[in-house]
Amino acid sequence: MNPLLSGHNSDSHIVAAHPADEKNMRVYFRDIQGIRFEDVPFYPFFHLSDSRLIEGFTRKHWAKELGGNAFYKYLCAFEEWPAMWDGLRHVLESYNATASAKTDSLTQLEVVHILTDPATQYLLQSGRTLFKGMAFDDLHRLQLDIETYNTPSSQFSDSRRSSDRIILIALSDNRGWEHLIDGSGTTEKEMLLELFRILKEKDPDVIEGHNILGFDLPYILKRCKNLGAIPAFGRDGSAPRSFDSRFSVAERSIPYTGVEIAGRHIVDTLMLVQSYDMIKRNMESYGLKYAAKYFGIAPANRTYISGNRISWHWDNDRKTLMDYAMDDVRETRALSERLSGSSFYLTQMLPLNYGAVIRSGSASKIELLMTREYVRSKESMPKPGEGIQTSGGYTDVFLRGVLEPIIHADVESLYPSIMITEAIKPASDVLDVFPQILKELTQLRLDTKRHMKLAGDATERNRLDAMQSSFKILINSFYGYLGYRKGLFNDHVRADQVTSTGQDLLRSMMRTIQTLGGTVVEVDTDGIFFIPPRGETSREVDERFVQQLSDSMPAGISVALDGRYRKMLSYRMKNYALLGYDEHLTIKGSALISRSMERFGRSYIKQCITCLLDGDLDGLHNTYLHFHHVIIEGSIDILDLAKTETLNEGLHEYLQAVESGKRNRSAAYEVAIGMGGVVKQGMKVSYYISGNDPNPKSFESCKSVDEWNPSFPDQNKAYYLKRLNEFSEKFMDFFKPQDYRSIFSPDDLFPFESHGVRILTTTVTSASSLSQGIPSEE
DNA sequence: AGCTGTGGCAGGGAGG
DNA sequence: CCTCCCTGCCAC
């Protein structure tokens, strides 16, 4: 494997510089003395003790502005070398006999990392946990789940209550072992000591749990502190080190307690599930039970208990609770089995430990690969460039309505292909590491995919698939890194170059489709939905057409047939529905289907779209009548009426923003505040609108679904009828006004008559998205 | 010891 | 009414 991806020595990611080597560093701090640090476009090498000599750059400056930049910290921490070296030798010797051989070879090595924390050094230095050449199945993984008595969902809010304690610890591993530490007739402290004894005996490489960093581990640490027990999790019997951190997926940022354990890795399957859904975006929740069902790995006859009944079961029905806890760890094991393989294989090429690979984002990974090579080459690191990216993907819609048949053709790996064929790299990358890594990863992925197809064994195929998918995620992040404002090697000019080249390619692809007689419906970034020439379709014909398209593109850019569909409902840019030849319905876009919509709205829209795609106008009208009826009757489930929203801000930030007029009051936050619970970032809140006012202020009329009382139903029927009509309005453009009115209204005057009603196709011009309806030709 | 990007639509509240 | 601004969610 290319040394850029495998690390520069096979046994260790840690390589350290000796101060005597400073003359070989490009650029050492003495070279820039007399120049303001702010004016220097790169980070020079220097000793911490010397940093005060650089004008405009003090230790305080370092701590405050660069402290968060771990990579830079490694570069300038040379003065800590002797202490670190001794510490390293100590932990290695305590771990295994070959340590001295390893540390001796270390002195020969050049710099890459100086990791100041002994636990991390130990973790990375133990060859066993580096995973070099290991298969995922060789890893010894232990699953852990605790059940607690009287613990509210708000976690720590009343953890000082004497009744709040751990009652069960369920454990399992991937070698078929299962164990339950039962809190009956034993103290909590004895349970914890038993846990640490078991950990020492089983000696797992990895400790896994669902939300283990959000709940189980911080909770155990807290109880240990209260009880005066040492949380001996480490391979050397040491206690974990913990820190507050954040995990961000897309626009969400979820706080968690980071935990580092000497010689072991921690995997939170909740993070794996969230990362998975960041790409798939079709999960309803990230809870263990839902996720297990979603992936089809929930054990048959699994025991379910609702969270607030745990204490009751402990008091009245312990057997059921024990079964439940055991099923939790089994599901955790299966989830990790399904999701963690790709991170495992990435760890073999990144200077990060397994847990950190899962916790950190793609930009960090790319930057670390760059950093490793730069420091090894003794080349100074650039500072982030100023300015921002200004362009993105090309998106447009040309036809609105129900269209058939449909082909979706997309450019394979558009942005990476552009970066490779146009040789795009950051201006600051003087060593050309960025394009080399990108090319190497791309080649590696192709090779892995080829091997995957040849592999006969299913286990081997899964292994290779996990590897290639991890490469794909990383490859696709290279473009994003260029535009990342805090990236050391960012380059917004090149980022714009990538997107504008992409736009040009898509426009040229559209022209080719039109020249060949096809009709373009919608374009988004790297793919086009279109009707083939003369509406003729078959797999062979479509494939030939797309091949023609592909041949018309520049070298290095290839177009693939991504999908064939019986019909498409085109609504807006990034909003459409597809009906496959297997009758499978896919709905895309937040305007059509969104998790923040009321559940009845989602199912109403889904049913309407089904009817529209089937041309079933009576069905469409009946769907409206049904929902109209159940809202008026009050026979609709309150959970169907409720909106579920995520609180992306903490209480303090929200109140401050409202106070300063930066944002308006919002129903979800007000409900959370009203419930008296802790308003936690990332928390989900379900609420409904009460009262009679058809135009209520939602932040005043909102109530938590838990407050709804079946004896005194107070949901706002007028408001929900209005919501039903708002959902219907999405379909307004598909009909003549009088037809629209007759479909989406109750039969109070005349019964609905579908005869003569037609679904319209509208031409959308890019200049104005509002144009007149034109009856479609049939 | 956190952090890849732009583009589009909907909904709510405030104020003209 | 309308416009502006903000957040949330989503496609790629």
Side-chain angles (χ1 to χ4, degrees), chain A residues 67-71 73-74 115-117 120 241-256 258-260 278-279 281-282 352-353 355-356 359-367 388-397 410-411 414-415 473-474 476-487 490 492 495-496 498-499 502-503 506 522-527 571-576 587-597 601 643-649 654 657-658 661-669 695-700 702 723 726-727 729-730 769:
Chain A
N69 188 332
F71 324 123
K73 189 171 73 179
Y74 303 148
L115 299 163
T116 50
D117 176 63
T120 310
R241 202 177 53 86
S242 62
F243 51 90
D244 288 333
S245 189
R246 318 197 63 84
F247 179 68
S248 35
V249 260
E251 62 278 338
R252 276 198 274 287
S253 172
I254 299 136
Y256 70 91
V259 181
E260 293 277 13
M278 184 174 69
I279 301 162
R281 281 196 166 276
N282 62 357
L352 280 174
N353 73 56
R359 292 198 307 265
S360 61
S362 297
S364 312
K365 289 170 182 140
I366 293 169
E367 196 153 286
I388 51 163
Q389 188 180 343
T390 53
S391 65
Y394 169 50
T395 307
D396 217 338
V397 62
D410 74 349
V411 181
L414 178 66
Y415 289 168
I473 295 168
L474 208 50
N476 285 333
S477 306
F478 273 67
Y479 148 73
Y481 180 77
L482 284 179
Y484 175 38
R485 295 176 77 164
K486 292 181 184 172
N490 68 1
H492 70 276
D496 282 334
V498 172
T499 55
Q503 294 202 9
L506 262 284
E522 159 151 350
V523 188
D524 192 352
T525 310
D526 61 356
Y571 175 57
R572 299 263 145 105
M573 289 184 204
K574 297 175 190 284
N575 288 273
Y576 55 84
I587 304 176
K588 293 275 193 182
S590 65
L592 283 180
I593 208 90
S594 156
R595 275 181 282 198
S596 69
M597 271 176 190
K643 262 190 187 179
T644 302
E645 287 176 19
T646 310
L647 309 184
N648 286 337
E649 285 182 79
Y654 168 73
V658 170
K662 194 179 159 286
R663 69 172 290 171
N664 294 317
R665 287 198 177 275
S666 149
Y669 288 89
N695 295 301
K697 274 196 174 24
S698 73
F699 71 86
E700 287 170 354
C702 53
R723 285 294 289 153
E726 282 167 2
F727 289 132
E729 279 169 22
K730 295 182 189 300
S769 55

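Letters A, B, ... mirror the listed sequences (proteins, then strands); counts begin at 1.
- Here the side chain of A:Ser590 is nearest to one of B:dC9, B:dT6, B:dC3, namely B:dC9.
- Relative orientation of the A:Tyr479 and A:Tyr415 rings is tilted, given thresholds of 30° and 60° on the angle between their planes.
- Side-chain proximity of A:Lys574 to the nucleotides B:dG11, B:dG8, B:dG12 is greatest for B:dG8.
- Here B:dC3 presents its C1' atom at 4 Å from OH of A:Tyr484, a figure rounded to the nearest Å.
- Straight-line distance from the CE atom of A:Met597 to the P atom of B:dG11: 7 Å, rounded to whole Å.
- At whole-Å resolution of the value, CG in A:Asn490 and P in B:dT6 are 12 Å apart.
- Applying the side-chain hydrogen bond (donor to acceptor under 3.5 Å, both in side chains) test to A:Thr499 and every residue at least two apart in sequence or in another chain returns A:Ser391.
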Exercise. So A:Phe243 and A:Glu260, side-chain contact (heavy atoms from CB on, under 4.5 Å) or not? Walk me through it.
Worked result: CA-CA 9 Å; A:Phe243 51 90; A:Glu260 293 277 13; 4.0 Å; yes
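- For B:dG13, the OP1/OP2 oxygens have no side-chain nitrogen or oxygen of A:Ser666 closer than 4.0 Å.
- With distances taken from any side-chain atom of A:Met278 to the nucleotides B:dA14, B:dG5, B:dT4, the minimum falls on B:dT4.
- Atoms CZ (A:Phe727) and P (B:dG11) sit 7 Å apart, rounded to a whole Å.
- The side chain of A:Arg246 has B:dG2 as its nearest neighbour among B:dA14, B:dG2, B:dT4.
- In 5' to 3' order, the nucleotides of DNA chain C bounding all contacts with chain A (an atom under 4.0 Å from a heavy atom) are C:dC6 to C:dC12.
- Checking B:dG8, B:dC9, B:dT4 against the side-chain heavy atoms of A:Thr395 singles out B:dG8 as nearest.
- A close approach under 4.0 Å does not occur between any side-chain nitrogen or oxygen of A:Arg663 and OP1 or OP2 of B:dG12.
- For the pair A:Ile366 CD1 and B:dG2 P, the computed distance is 19 Å after rounding to whole Å.
- The separation between A:Glu700 atom CD and B:dG12 atom P is 14 Å, rounded to whole Å.
- At the phosphate of B:dG5, neither OP1 nor OP2 sits under 4.0 Å from any side-chain N or O atom of A:Thr499.
- Note on A:Tyr571: a side-chain N or O is less than 4.0 Å away from OP1 or OP2 of B:dA10.
- Side chains of A:Thr525 and A:Leu506 form no contact here, defined as non-hydrogen atoms less than 4.5 Å apart.
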